[in-house]
Amino acid sequence: MTNMASYSKKIDAKWQCKWDETGLYKFKRERIKDKLYCLEMFSYPSGANLHIGHWWNFGLTDSWARAKRMQGFEVFEPMGFDAFGLPAENYAIKTGIHPQDSTMSNIETMRKQLRTMGAMFDWDYEVVTCQPDYYKWTQWLFLQLYKQGLAYRKQAPVNWCPCCNTSLANEQVDDGACERCQTEVTKKNLTQWFFKITAYADELIAGLEGINWPEKTKTMQCNWIGRSTGAAIKFNLLGPDDEIRVFTTRADTLLGCTYVVLAPEHRLVDVVTVTEKRAQVDEYIEYVKKQSEIDRLSTAKEKTGVFTGAYALHPVTGERLPIWIADYVLVTYGTGAVMAVPGHDTRDYEFALKYELPIPKVIKASEDEDGALPFVEDGVLVNSGQFDGLTSEEARLAIVEYLAANGDQASQTINYRLRDWLVSRQRYWGAPIPVVYCDSCGIVPVPEADLPVLLPYDVDFTPDGISPLAKSEEFIHTPCPQCSKPAKRDTDTLDTFVCSSWYFLRYPDNRSSDKPWDPAWINQMLPVDMYVGGPEHAVMHLLYARFITKALRDMGYINFDEPFKSLVHQGIILGPDGEKMSKSKGNAVSPDLYIEAHGSDVFRLWLLFGFNYIEGGPWSDDGIKAVARFVERVERFVDRAVKIRHSKSPAFGRAEKEVNYVLHHAIRGITKDVEAFGFNTCISRLMELMNALYRYDSEVVDKDGKFIYEVMSNFVRLFAPFAPHLAEELWQSLGHSYSVHDESWPEYNEAALVKDTIELAVQVNGRIRDKIEVASDADEATIKAEALKAEKAVLFIEGMTVRKIIVIKGSLVNIVVS
RNA sequence: GCCGAAGUGGCGGAAUGGCAGACGCACUUGACUCAAAAUCAAGCGUCCUCUGGACGUGCCGGUUCGAGUCCGGCCUUCGGCACCA
C-alpha cells in the first residue's frame with residue numbers, strides 16, 4: 001500500500017502554499033498573444049465568510065479558466081472588491097464602526113477565504129474601489145465625462161428612497177420600489193449630476209449584435225433602452241403663443257384625435273389653465289402628488305383627469321381640441337403630452353368614455369370590414385379627409401410629411417425609454433464628486449492634478465437626507481481652483497455603479513499612478529474574453545459598463561467598443577426551502593462546514609456535479625457524500641495504478657481497447673461540455689472513466705499496467721480543473737513532476753472512438769424490437785440483411801410487406817412495413 | 001396585457017430529430033462481517049395476462065420511417081417589460 005494521505009483540507013493548504021511559493025498562476029505578461037481575460041464580477045466585502053454564491057460564481061468559473069489554461073491560454077483571472085456602498089455605512093450607523101474600518105477588515109477576511117478556495121486569482125492585480133489610488137481615477141473618469149459634456153448637472157424630480165436617504169437612478173427602481181431595500185420610492189426635486197447615457201442609446205442597441213451574450217440579457221437591455229420610432233407633432237394653443245409637442249407612434253390616427261392630454265407635472269399646465277378651472281386643476285395636481293409611485297404606475301387603476309379649460313388647435317383640421325391633464329400621461333416619457341385618439345388607443349378610449357369625449361373612427365381593419373372600437377391595430381384610413389384610403393403605414397409618412405411642409409408642424413422622431421444616469425448620492429461611503437462651486441466662477445471641476453478629492457474620515461453620517469459630507473466643515477471649504485476665492489465642494493458621492501463600470505479596465509494596470517492605465521497595454525488585454533456574474537446585473541452594471549467603455553473609446557483612451565466579449569450568467573443557488581438564501585430567512589447555507597469536513601475540492605466537485613450551472617436550484621447536500629466517495633475511489637485507483645504500473649504488458653486487447661474508448665469518449669465530452677459551463681456532465685464522464693478502470697481491474701487477470709497508468713495520468717489531467725489541489729497530490733503520487741496545472745489538456749483520438757463491433761437497435765415501424773451486433777465498418781446492405789434476420793424483429797415483419805429500411809449508422813435500423 | 005425561458009423517475013439531473021432516464025442520490029436485495037460501517041455485486045419509470053407486451057418526457061393536435069427535441073393551440077411555473085403614447 002502506498003503511504004498516501006487521503007484528501008483533506010490539509011492537502012488544500014499544502015498546495016496553496018506551493019502555488020504561492022512558485023508563483024504558478026502569476027500572469028505572464030510576455031505571453032500576451034495567448035491571453036485570456038477571465039473575469040468574475042467582483043464582490044462586495046460583506047462581513048460574513050464566503051457564501052455559496054461566491055463559490056458558485058468564482059470557484060466554478062475558475063474551473064472553466066483552469067481548463068482553458070491547460071489548453072494553452074495565458075489566463076488573466078484577477079480579483080478585487082467593490083468596496084464602496086451602503087451596507088458598510090448602514091452597519092456603521094448601527095454599530096458605530098467606521099465604514100473604512102469595517103470594510104478593510106472584511107476585505108482581509110475575504111482575501112483569506114478566497115485563498116482557501118484555491119482559485120487562480122493573481123493578487124498582484126487586485127483593485128479595491130474605496131482606496132484613494134482607485135477612486136482617484138473614478139473621479140478622473142467623472143472629469144473626462146464632464147469635459148465631453150457627458151456629465152451634466154440639472155434640477156429634476158428624482159427618485160428618492162426615504163429609507164436609504166438618497167436619490168436613485170432609474171435602473172435602481174424596481175416596480176416603484178428601491179431595488180436595494182424594497183422601500184417605495186418618492187419623487188424629490190433636486191439638482192443632481194447625470195451621465196448622458198442616452199447619447200449612446202442607439203449604439204448600445206447596435207453593439208449587442210456582435211457580442212456573445214445570453215439572448216435574454218440582450219433583450220432585456222434592448223427593452224430597457226426602449227427605442228421607438230414615431231413622430232413629434234406640434235399642437236398650437238388657442239390663445240397663448242405657445243405649443244404642445246407630443247410624441248406618437250401612430251401619426252396615422254391623427255385625424256381621430258379629439259383632445260390633448262398633458263401630464264399633471266407638464267410645464268404648460270400652469271400656462272394654459274383658465275382662471276375658472278384653476279382651483280380644480282390645482283386640486284387635481286395635489287391629488288396626483290399624493291398618489292404613490294406604485295399606484296400611479298398601476299394599469300389596473302381607473303384613469304382620472306381634469307379639463308384645463310384651454311384648447312389646442314388640430315394641426316390638420318384646425319379644430320378646437322380640449323386640453324386635459326390626466327395621471328395616465330407620464331411626464332418622464334416622451335414629451336409628457338399625448339394626442340388622444342380614443343377610437344384607436346385603449347387608454348384614451350377608457351378615458352373618453354369616462355369623461356364623455358367624442359370617439360370617432362379613423363382606421364378600419366380593411367376596406368370592407370367594420371369592427372368595434374377601440375381598434376388598435378394598423379388598417380386603412382377613413383374619415384381622414386385627403387388621407388382616406390391610405391394604409392396606416394403609408395399614412396404615418398404622408399401625414400408627417402404634410403405637416404412638415406405645412407409650417408414645420410411635425411417631424412419623424414425616435415424616442416427612448418432610457419433616461420440619463422443619475423449618479424449623485426446623498427451618502428458618505430462613496431467617491432466624492434470632484435467639483436467645486438464658486439460664487440464667481442460657478443461650477444468648477446477639480447483640476448486633475450489635485451485628485452483624488454479625499455473622502456474625509458471624521459464625518460457624521462447620521463442619515464437625515466442631507467449628504468453627510470455637507471456636515472464636514474473641513475471637507476466643504478476649499479479655495480476655488482480658478483480664482484482662489486473661498487468656494488464649496490460638491491457634497492454628494494458617486495453611485496457605486498460608477499466605480500464598477502470601469503474596474504475591468506484597471507485590473508491589468510492596477511499600479512499605474514500617473515494615468516488610469518496604459519492604453520497600449522489595455523488595448524491588448526481587453527476586451528474581457530469571458531465575464532461571469534449574476535443575471536441581476538443584466539441591465540444596471542452591464543449597461544453602465546458598456547456605456548463608459550464607448551465613451552472612453554470616443555475620448556481616445558481605449559480602442560475597443562465592447563468591454564465583455566462573452567458573458568455567462570450563473571444560476572442562483574437557493575436555500576434548501578427553494579427561497580432565496582438570506583440571513584434573515586435563516587435559510588443560508590455556509591460552505592465552511594463542508595470544507596472543514598471534506599476539503600475545498602470535494603465542495604467544489606459537488607457544486608460542479610450536483611446542479612446545472614446556468615440554472616442553479618435549491619441547495620441540497622444529498623450527493624456530497626457521493627462525491628467524497630468518488631474522490632476516495634480515485635485515490636485508491638491512483639495507488640492501484642502505481643502498484644500495477646510495471647506488470648507485464650500483453651497485447652493491447654479487447655479490454656484495453658474498451659478502457660481506451662471510455663477515456664477518449666471522456667476527453668471529447670469534457671472538452672466540449674466545459675466550454676459551455678456544462679460541468680455536471682464533465683464530472684459524469686470522469687465517473688464513467690473511473691468505473692471503467694475498476695471494471696478492468698476486477699475483470700482482467702493479465703493486466704496491462706503501463707497502459708492503465710497512462711490512462712490514470714490522463715484522468716488526473718482531466719480532473720485537474722475540477723479538483724485543483726487533489727489533482728496535484730495525485731499527480732505527485734503517480735510520480736509525475738510539479739505541476740499538473742502546467743500539463744497540457746489531453747486530446748482525443750478519433751481512432752480510439754471507433755469500436756470493432758457496434759450494437760444497433762432494430763426498429764419495426766419505429767418501435768424497438770431487437771438489437772443486433774455488427775462490425776462497425778459494415779456497409780448498409782449488410783446491416784439491412786442482419787436487421788431483417790433479427791429474431792424478435794422477424795415476428796413483427798412476418799406477413800407484412802417491407803416498404804423501406806432506414807439505417808442510421810452507429811445507432812439504429814428502422815424497418816418500415818405495412 | 002406583451003416578450004422570453006422552463007416543465008423528463010421518489011430526488012439532483014442526462015440526451016447533434018435516432019435505443020428516454022447517462023452520471024449520481026435515495027431505496028431494495030445479496031456478498032464480506034460476530035455485528036455494524038466501509039467496500040463490492042445486482043435491481044430500481046408505470047401497468048399487465050410478466051422468457052413477453054402495453055403505456056410513458058405538463059395537456060391536445062400536427063409534421064416525420066422515427067418527436068423530450070420541430071410546428072400549431074392550451075395549462076402551469078419562473079424571469080423581464082408594462083398607462084411607454
Side-chain angles (χ1 to χ4, degrees), chain A residues 174-175 214-224 226-228 230-231 233 246-251 253 261 263 296-303 326-330 332-341 344-348 350-351 376 415-418 535-536 538-539 572 606 609-612 614-615 617-627 629-630 632-633 636 669 672-673 678 680-691 694 698 759-771 792 795 803-818:
Chain A
D174 195 10
D175 253 337
E215 280 310 314
K216 193 184 155 126
T217 306
K218 293 197 206 178
T219 309
M220 276 168 72
Q221 293 214 344
C222 214
N223 289 343
W224 188 264
R227 183 183 202 268
S228 74
I233 300 176
V246 305
F247 173 76
T248 179
T249 54
R250 292 300 303 273
T253 64
V261 194
R296 175 78 190 271
L297 291 172
S298 160
T299 48
K301 187 181 78 76
E302 195 182 334
K303 299 174 190 3
D327 55 358
Y328 79 94
V329 175
L330 306 174
T332 50
Y333 185 78
T335 58
V338 301
M339 60 177 227
V341 186
H344 304 282
D345 179 285
T346 47
R347 297 152 301 180
D348 298 339
E350 271 176 54
F351 193 80
V376 298
N415 193 59
Y416 301 91
R417 204 187 79 98
L418 180 71
E536 66 274 20
V539 270
I572 297 167
W606 169 235
F609 178 63
F611 310 83
N612 176 302
I614 310 295
E615 284 163 22
W619 170 255
S620 147
D621 59 8
D622 276 355
I624 199 159
K625 277 199 214 107
V627 170
R629 189 148 59 216
F630 172 63
E632 284 162 26
R633 257 165 89 77
R636 281 202 308 273
K672 183 169 149 279
D673 291 349
N680 50 0
T681 47
C682 292
I683 308 301
S684 295
R685 296 293 90 83
L686 288 170
M687 288 174 167
E688 282 166 359
L689 179 53
M690 199 37 63
N691 291 344
Y694 271 93
S698 72
E759 191 188 63
L760 295 183
V762 179
Q763 295 184 335
V764 178
N765 285 348
R767 323 202 54 149
I768 291 164
R769 299 302 180 185
D770 206 348
K771 311 250 164 124
K792 289 170 200 151
L795 300 171
R803 298 282 173 204
K804 204 184 330 179
I805 303 178
I806 293 147
V807 177
I808 307 298
K809 279 263 162 81
S811 178
L812 56 74
V813 184
N814 189 11
I815 303 166
V816 185
V817 299
S818 63

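Throughout, protein chains are lettered first and strands after them, A, B, ... in sequence-line order, and every chain is numbered starting at 1.
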Pairwise [atom1] distance, [M] and [N] [rounded to whole Å]:
| N | M | atom1 | answer |
| --- | --- | --- | --- |
| B:G68 | B:A20 | C1' | 7 Å |
| B:A42 | B:U64 | C1' | 40 Å |
| B:U69 | B:C60 | P | 13 Å |
| B:C48 | B:C25 | P | 30 Å |
| B:G73 | B:C2 | P | 13 Å |
| B:G30 | B:A37 | P | 13 Å |
| B:A36 | B:G43 | P | 23 Å |
| B:G13 | B:G61 | C1' | 30 Å |

Dump every N/O contact between nucleotides 17-24 of chain B and the protein below 3.5 Å, one line per pair.
unit_1: B:G18; atom_1: O2'; unit_2: A:Ser811; atom_2: OG; d: 2.4
unit_1: B:C19; atom_1: O2; unit_2: A:Lys771; atom_2: NZ; d: 2.6
unit_1: B:C19; atom_1: N4; unit_2: A:Glu759; atom_2: O; d: 3.4
unit_1: B:A22; atom_1: O2'; unit_2: A:Glu688; atom_2: OE2; d: 2.8
unit_1: B:A22; atom_1: N1; unit_2: A:Ser684; atom_2: OG; d: 3.4
unit_1: B:A22; atom_1: N3; unit_2: A:Arg685; atom_2: NH2; d: 3.4
unit_1: B:G24; atom_1: OP1; unit_2: A:Asn691; atom_2: OD1; d: 3.4
unit_1: B:G24; atom_1: OP1; unit_2: A:Asn691; atom_2: ND2; d: 2.6

Sugar-phosphate, base or nothing in reach of [X], heavy atoms under 4.0 Å:
| X | value |
| --- | --- |
| A:Ser698 | nothing |
| A:Thr219 | nothing |
| A:Val338 | base |

Distance-minimising heavy-atom pair for [X] and [Y]:
| X | Y | result |
| --- | --- | --- |
| A:Ile768 | A:Gln763 | CG1-CG, 3.8 Å |
| A:Phe611 | A:Trp619 | CZ-CE3, 3.8 Å |
| A:Ala538 | A:Met220 | CB-CE, 3.5 Å |
| A:His344 | A:Val376 | O-CG1, 3.5 Å |

Reading RNA chain B 5' to 3', how would its secondary structure be written in dot-bracket notation, given Watson-Crick and G-U pairs with both distances under 3.5 Å, brackets [ ] for crossing pairs and | for partners on other strands?
-> (((((((..(((.....[....))).(((((.......))))).((((...))))..(((((..]....))))))))))))....

Is it the case that more than 12 heavy atoms not belonging to A:Asp175 sit under 6.0 Å from its CG atom?
-> no

Protein-proximity profile, nucleotides 6-11 of chain B, B/S/- by nucleotide at the 4.0 Å heavy-atom cutoff, equals ------

From [atom1] of [X] over to [atom2] of [N], roughly how many Å is that when rounded to an integer?
| X | N | atom1 | atom2 | value |
| --- | --- | --- | --- | --- |
| A:Gln221 | B:C81 | CD | C1' | 14 Å |
| A:Ile614 | B:A14 | CD1 | P | 11 Å |
| A:Arg347 | B:A85 | CZ | C1' | 5 Å |
| A:Tyr328 | B:A85 | OH | P | 13 Å |
| A:Asp348 | B:C84 | CG | C1' | 13 Å |
| A:Trp224 | B:C84 | CH2 | C1' | 12 Å |
| A:Lys672 | B:A15 | NZ | C1' | 10 Å |
| A:Asp673 | B:A14 | CG | C1' | 10 Å |

Ion pair A:Lys218/A:Glu215, N-O distance below 4.0 Å | yes

With a 4.0 Å cut-off, would you call A:Arg347 and A:Glu350 a salt bridge?
->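 No salt bridge links A:Arg347 with A:Glu350.
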
Does [X] make a side-chain N or O approach to OP1 or OP2 of [N] shorter than 4.0 Å?
| X | N | answer |
| --- | --- | --- |
| A:Asn223 | B:G4 | no |
| A:Lys216 | B:G4 | no |
| A:Arg767 | B:C55 | yes |

Can you check whether A:Ile806's main-chain N or O pairs, donor with acceptor, with A:Asn814's side chain at less than 3.5 Å?
-> no

Can you tell if the side chain of [X] reaches within under 4.5 Å of the side chain of [Y], non-hydrogen atoms only?
| X | Y | value |
| --- | --- | --- |
| A:Trp224 | A:Leu418 | yes |
| A:Val341 | A:Arg250 | no |
| A:Arg769 | A:Leu795 | no |
| A:Leu812 | A:Val762 | no |

To the nearest 0.5 Å, tell me how far A:Trp606 CH2 sits from A:Phe630 CZ.
->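 The CH2 atom of A:Trp606 sits 13.5 Å away from the CZ atom of A:Phe630.
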
Considering only heavy atoms and no angle criterion, is a donor-acceptor pair shorter than 3.5 Å present between the side chain of A:Lys303 and the base of B:C83?
->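 Yes, a donor-acceptor pair under 3.5 Å.
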
Winner on side-chain proximity to A:Lys792, out of B:C65, B:G52, B:C55, is B:G52

Torsion-based syn/anti label for B:G9, 90° from 0 as limit | syn

Just say parallel, tilted or perpendicular for the rings of A:Phe351 and A:Tyr328, cut-offs at 30° and 60°.
-> tilted

